[in-house]
Structures are given as C-alpha cells and as structure tokens.
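Numbering of ligands and ligand atoms starts at 1, following listing order.
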Amino acid sequence: MAAKNIKAIKILGIDTSCDDTAVAIVKIKNQKSKIKNFEILSNVVSSQVKLHAKYGGVYPFLAKREHQKNLPLVFKKALGEAGLLISGVDFIAVTVGPGLEPCLWQGINFAKEIAKKYNKPLISVNHIEAHILANFLSEKPENQQTRKPGTIFPAVCLVVSGGHTQLILMRKIGEYKLIGETRDDAAGECLDKVARILGLGYPGGPAVAKFASLGNLVSKKETKFPINLPRPMMYTKNYDFSFSGLKTAVLYKVRERKYNKSAMAAEVQQAVIDVLIHKTVKTAKDFRVKSIILGGGVVANEELRKQFNWKLEIENWKFNLFVPPLDLCTDNAAMVAVAAFYHRAKRVKNIKAEANLRIS
Ligand code: KG4
Ligand code: ZN
C-alpha cells in the first residue's frame, strides 16, 4: 500500500564538534513511510582551516572563539539559503559529542537559546551516527533511503575521521554495536601528522592526497628511494586498528633523509587504504552483512573510494556499498539534521556536551 504523504518536516541542524561551524536545514518528506526522502534546503559550513593552518592543528579554545563569532552568521545564512524564517523550522538539532568539549558547548548553548526563544523542540545528536546517516542524504537513489530497510541491514559502518576510526555493526537505524576501533591515532590524525612531518600543508588528509597523486605516477622501481611502509594490525584477528606506528615509520625515513615527498605520501596513503579496506571487508564477511557504509572526513579521499569499489568488484560481492558525496563526508550539519529525524521522539532534558560520547 502506498504510504500517505503527511506534512513534510524541516529540521535545522548545528555542528560545532571540531573546527567547522556548520548549520543546515533538511526537509523530510514521507516521514511516516519506511522509505524516506530527504532534501537539503541549505548546508552552510564555515571552515576555520586558515586560522588553524598557522599552528598545523586545531586549538580548541581558538576554535571555540571562532564558533561563537561565526554561529549567528552561519545560522542566518542557512535560513536565507533555505528561504525560510525560523518559524518555518519544526525542530532544532545539535551535536553533543564526541568532539572538542569547548567547541561542542558553543553549538549546544546556541541551539538551546534559539529553541527556547522560538519554542522549538531540541534534539541531541551523536556525531558518529550523523556521519553514518549522511549516506541517506545523497542525491543518488541508491543512497537515499529509497531501499527497503531489509535490503540494507545488517550493515557494517566504517567511520574514519580526524578523531575516530571505528567499525560499527548496524542492525537498523538507531541500533549500533562498536566492533573495533583504533588503539592510538585515528587514520585522519595519522595523515594530518604525516603531512606536518613532511611539510605538505594543512589539513593533512587532502595535502597527502595531492602529493600522493604525483607519487603514484612514479613506479617504485623508477624512484631513487623506494619506500615500503608497514600496514599495522592489518592481519590481526580482531577488528581494531593502530596508525601511530605508521607515522613513526615515516619519521624514521625522514630522519634518514632518503625519501621523495610524493612517493612517501603515496605510500602512506596506500598503507592507510590497505588497512581500512582489508579490515572492513573482513568485518563484513565475518558478520555476514548486506551493506558496507562509509562515513567521515577520510572517506573524501578519492583513492580510498575508488579502491573500495574495485575491491567489491574483484570479490564479485553482492554487498551494497554506501559512500556519501564528498561534501557530506567532512563535517557538516545536514547529517546532524537527518540523525535528529530518527530520534525526534526522544527528548533529553538537560542537553550537555559529551566529549567522549560512544555509539553503543
Ligand atoms: O569528519 P571530519 O571532517 O572531522 C572529524 O570529525 O574529525 O574529518 C577530518 C579528517 C582530517 O583528518 C582530514 O585530514 C581528513 O578528514 N580528510 C581527508 C580528506 N579530506 C579530509 N583525508 C584524506 N583525503 C581527503 N581528501
Ligand atoms: Zn566528523
């Protein structure tokens, strides 16, 4: 039976978990149907990259100050781009964690203020879950939640960002089990640190990717200094990761002064990709899932996206592979709005920042 199309709802999401000030408005049609249709009305991200580039990393108190300054402007811009007044928004949603505590509080206090002033319900969102659910926002029909949930779940999610590298088993939306995670540096953090060691630029992930594309043009045989870096914990039986050894291996090579920057960037990127793909596919096989769902800033890496697709093709699998569009991989608030949609019935009285919030 065709689902009735009840009034669409609009959710305004806010994310200030790290160094991006993000506000977005998402419209949800078919809210009562199992098959959802999301439309991004606006998705504004004010990046603090230039500010933190000077220091080669994010300074929480500097980031907090920027959020405070930017939030009213980004909020106004998001409403303007959506062609809405705040009265046209049904819910306010905000990331409460995980993230940098002083930064999270800026978003939370701002969200509380508008929710109170305009009498709107306030929903708290887990940033990791938002990265996963970003997949259901895409324009691509296979990524919109136009599939029946039974054809998607169970799924294994790889969330790979600046602060996290986690493998999460997802039985349905809202039901997660953490299977494995990094024991030290996150994959994005490793790329950021390697970029700093090699002097490639900031933020590190895109900088490594840029140099790697040059490095990949030179075959290992041709280069004067062939580099072979370790793939830490790639073949261990568990589902955990470790990336700090990779960064240390780069540091040793740099001290020996026998390296080429681009070749090094290509090898580091490939080592990270090898480990991420191998462990995710192992988890998918071990737990007999129907889908692999990717999320987080590192998934913006073109080579990682390409090689995940190849791997599934080579293995001739019937898995669904969900990969968010580039702008929904890195931090944004559209993903916060969609996560809030699924938790709109849950009301937390005293919303507070939870820097180390877990998913399960
Ligand atoms: O999800 P995200 O925007 O913020 C966090 O929640 O941490 O992820 C940021 C991370 C950074 O480490 C950044 O270097 C990495 O994602 N990143 C990339 C690319 N774009 C961003 N890593 C590899 N290739 C990229 N194109
Ligand atoms: Zn993130």
Side-chain angles (χ1 to χ4, degrees), residues 13-22 24 43 45-49 52-53 56-58 60 63 67 95-101 103-104 107 125-135 157-166 168 181-182 185-198 200-213 215-216 241 243-244 246-247 265-266 268-273 275-277 294-308 323-336 338-339 355-357 359:
I14 299 172
D15 188 282
T16 58
S17 57
C18 192
D19 61 338
D20 290 314
T21 315
N43 188 14
V45 181
S46 169
S47 166
Q48 300 179 9
V49 161
H52 299 287
V58 179
H67 286 311
T95 297
V96 295
L100 302 171
E101 187 156 338
C103 299
L104 289 165
V125 168
N126 179 318
H127 186 77
I128 300 291
E129 183 182 21
H131 270 307
I132 294 169
L133 298 182
N135 283 281
C157 311
L158 172 72
V159 178
V160 62
S161 67
H164 294 85
T165 302
Q166 295 188 331
I168 298 154
E181 64 184 327
T182 184
D185 291 351
E189 188 180 358
C190 168
L191 294 172
D192 292 340
K193 286 178 176 170
V194 165
R196 210 178 313 158
I197 293 168
L198 297 174
L200 305 182
Y202 178 86
V208 169
K210 197 172 117 200
F211 277 83
S213 62
N216 279 332
F241 301 92
F243 290 103
S244 76
L246 184 56
K247 166 204 68 195
V268 169
Q269 179 177 269
Q270 194 54 51
V272 169
I273 291 174
V275 175
L276 292 177
I277 294 183
L294 306 182
V298 179
V299 178
N301 187 281
E302 296 284 4
E303 205 50 43
L304 176 73
R305 300 162 81 92
K306 205 163 67 185
Q307 292 188 28
F308 247 114
V323 188
L326 290 179
D327 60 334
L328 296 178
C329 289
T330 43
D331 286 351
N332 66 87
M335 67 183 195
V336 173
V338 78
N356 300 314
L357 186 65
I359 194 150

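In terms of N/O distances under 3.5 Å, ligand 1 is approached by Asp331. For ligand 1, the polar-atom distance check against Gly297 finds a nitrogen or oxygen pair separated by under 3.5 Å. For the pair Gly205 and ligand 1, the shortest N or O to N or O distance falls below 3.5 Å. When only interatomic distances are considered, the shortest N/O to N/O separation between Asp20 and ligand 1 does not fall below 3.5 Å. At a 3.5 angstrom cut-off on N or O pairs, Leu191 does not count as close to ligand 1. Close N/O approach between Gly162 and ligand 1 is found [any backbone or side-chain N/O within under 3.5 Å].
Taking backbone and side-chain atoms together, His164 has no N/O/S atom less than 2.8 Å away from the Zn ion (ligand 2). The Zn ion (ligand 2) has His131 among its coordinating residues (N/O/S atom, backbone or side chain, under 2.8 Å).
Partner Thr95 forms a side chain to side chain donor-acceptor pair (under 3.5 Å) with one of Asp15, Asp331, Asn126, Thr16 and no other, that one being Asp15.
For His127, every heavy-atom contact with ligand 1 shorter than 4.0 Å involves the side chain, none the backbone. At a heavy-atom distance under 4.0 Å, no atom of His164 approaches ligand 1.
Assignment of Cys18 to the shell around ligand 1 is not supported, since no heavy atom sits closer than 4.0 Å.
Ranking the protein heavy atoms by distance from atom 14 (O) of ligand 1 puts Asp192 OD1, 2.7 Å first.
Counting heavy atoms from C-beta outward, Val96 and Leu357 have side chains that approach closer than 4.5 Å.
Rounding to 10°, one obtains 90° for the angle at the Zn ion (ligand 2) between OD1 (Asp331) and NE2 (His127).
Residue Leu191 holds its CG atom at 7.5 Å from CD of Gln269, rounded to the nearest 0.5 Å. Between the OG atom of Ser17 and the CG atom of Leu100 there is a distance of 7.5 Å, given to the nearest 0.5 Å.
Within the listing of ligand 1, atoms 23 (C), 24 (N), 25 (C), 26 (N) sit less than 4.0 angstrom from a heavy atom of Asn301.
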